[in-house]
S.K.: 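Got a structure here, written out as structure tokens. Questions coming.
Below, chain A is the first sequence line, B the second, and so on; all start at residue 1.
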Amino acid sequence: EVQLQESGPGLVKPSQSLSLTCSVTGYSITSNYWGWIRKFPGNKMEWMGYISYSGSTSYNPSLKSRISITRDTSKNQFFLQLNSVTTEDTATYYCARCYRYNLGFAYWGQGTLVTVSS
Amino acid sequence: DIQMTQSPASLSASLEEIVTITCQASQNIGNWLAWYQQKPGKSPQLLIYGTTSLADGVPSRFSGSRSGTQYSLKISRLQVEDIGIYYCQQASSTPFTFGSGTKLEIK
């Protein structure tokens, strides 16, 4: 069974970097597509980006050059880094695996709330 | 970016009632449309992919359809466990985008 688990700080100061880890069990991250999605207070959902089975990445242009998604295949983990955060980045962050590309996200982590505040 | 206009924003319906939620895509996305259900305190769950295909374990009272660039999710007989927020998502091209959500309650 595929399981995903996010981890990382729940509180980040403005202008600092947000770093999250997604640990995956039951499936290799060298297959399929792995994404980060966030849900803002008020229920808006935003796809942030993904890393593919080959290590290629795709990012939401709205995040410009602030975002980076990387991976460690030896630990079966992938990572999110979001730089220069503001209070607007306060959200619940989810990691997820595509069912198949173009077919939505079939497996999700439980989500982690990240608050940006001084 | 492709915009997904979802309606209604909220919906209150009776048990056993038929419920329909719609999403209008701002351009052609073919059949690359997914629906999710998010129950309170839980992660989103994939209900429908490829516009009409039911994800594993999803009850058959859920169904998806398409007319042009309008997509619909139908719950044929509303049950108590169906309460939550429903989202559509286009998976045609990046950036993948979501509808604004529909909060479903029992009347």
Side-chain angles (χ1 to χ4, degrees), chain A residues 1-7 20 22-24 26-27 32-52 56-67 69 91-113, chain B residues 1-6 8-11 21 23 25 28-58 62 64 71 73 84-105:
Chain A
E1 181 189 2
V2 183
Q3 292 190 326
L4 298 87
Q5 173 89 44
E6 304 91 350
S7 59
L20 296 176
C22 183
S23 300
V24 180
Y27 199 90
N32 220 303
Y33 291 79
W34 305 84
W36 288 97
I37 297 140
R38 60 183 178 176
K39 181 176 178 178
F40 298 99
N43 295 330
K44 178 186 172 184
M45 297 275 280
E46 179 181 63
W47 172 80
M48 301 180 72
Y50 69 66
I51 186 163
S52 78
S56 64
T57 56
S58 176
Y59 300 133
N60 194 321
S62 70
L63 298 169
K64 298 180 182 177
S65 57
R66 295 200 296 139
I67 186 173
I69 300 176
T92 297
Y93 287 74
Y94 296 95
C95 59
R97 195 209 91 182
C98 285
Y99 180 59
R100 292 192 190 93
Y101 191 76
N102 291 128
L103 294 182
F105 293 94
Y107 301 93
W108 295 67
Q110 85 284 359
T112 187
L113 175 62
Chain B
D1 297 4
I2 298 173
Q3 306 303 314
M4 302 300 297
T5 303
Q6 186 172 344
S10 63
L11 180 55
I21 299 167
C23 271
N28 180 32
I29 61 169
N31 285 321
W32 306 118
L33 191 284
W35 289 97
Y36 301 89
Q37 175 196 60
Q38 186 171 30
K39 295 183 180 181
K42 300 293 187 182
S43 303
Q45 177 192 358
L46 181 66
L47 295 175
I48 302 276
Y49 62 90
T51 297
T52 59
S53 297
L54 219 56
D56 292 344
V58 175
F62 291 91
Y71 299 80
L73 172 70
I85 302 175
Y86 290 79
Y87 295 93
C88 61
Q89 179 230 325
Q90 67 82 14
S92 174
S93 61
T94 58
F96 300 140
T97 47
F98 290 83
S100 53
T102 295
K103 186 173 184 179
L104 177 58
E105 298 175 330

S.K.: Is the ring pair A/F105/A/W108 parallel, tilted or perpendicular, if the boundaries are 30 and 60 degrees?
M.R.: perpendicular
S.K.: Verify whether the ring centers belonging to A/Y107 and A/Y27 lie closer than 6.0 Å.
M.R.: no
S.K.: If the condition is side chain to side chain donor-acceptor pair (under 3.5 Å), which residues does A/Q110 pass it with, not counting sequence neighbours?
M.R.: A/Q5
S.K.: Taking distance alone, no hydrogens or angles, what donor-acceptor pairs closer than 3.5 Å link side-chain atoms of residues 90-99 of chain B to residues at least two apart or in another chain?
M.R.:
{"unit_1": "B/Q90", "atom_1": "OE1", "unit_2": "B/S92", "atom_2": "N", "d": "2.9"}
{"unit_1": "B/Q90", "atom_1": "OE1", "unit_2": "B/S93", "atom_2": "N", "d": "3.3"}
{"unit_1": "B/Q90", "atom_1": "NE2", "unit_2": "B/S93", "atom_2": "O", "d": "3.0"}
{"unit_1": "B/Q90", "atom_1": "NE2", "unit_2": "B/P95", "atom_2": "O", "d": "3.1"}
{"unit_1": "B/Q90", "atom_1": "NE2", "unit_2": "B/T97", "atom_2": "OG1", "d": "3.2"}
{"unit_1": "B/T97", "atom_1": "OG1", "unit_2": "B/I2", "atom_2": "O", "d": "2.7"}

S.K.: If you count heavy-atom pairs under 4.5 Å with chain B, which of A/N60, A/T92, A/N102 comes out on top?
M.R.: A/N102
S.K.: Under the side-chain contact (heavy atoms from CB on, under 4.5 Å) rule, collect the residues that match up with B/S53, sequence neighbours excluded.
M.R.: B/Y49
S.K.: Is there side-chain contact between B/F62 and B/Q37, with at least one heavy-atom pair below 4.5 Å?
M.R.: yes
S.K.: side-chain contact (heavy atoms from CB on, under 4.5 Å) with B/Y71: which of B/I21, B/T52, B/L33?
M.R.: B/L33
S.K.: Listed by residue number, which members of residues 32-43 of chain A have a heavy atom under 4.5 Å from any heavy atom of chain B?
M.R.: A/I37, A/K39, A/N43
S.K.: Under 4.5 Å from any heavy atom of chain A, what part of B/K42 do you find: side chain, backbone, both or neither?
M.R.: backbone
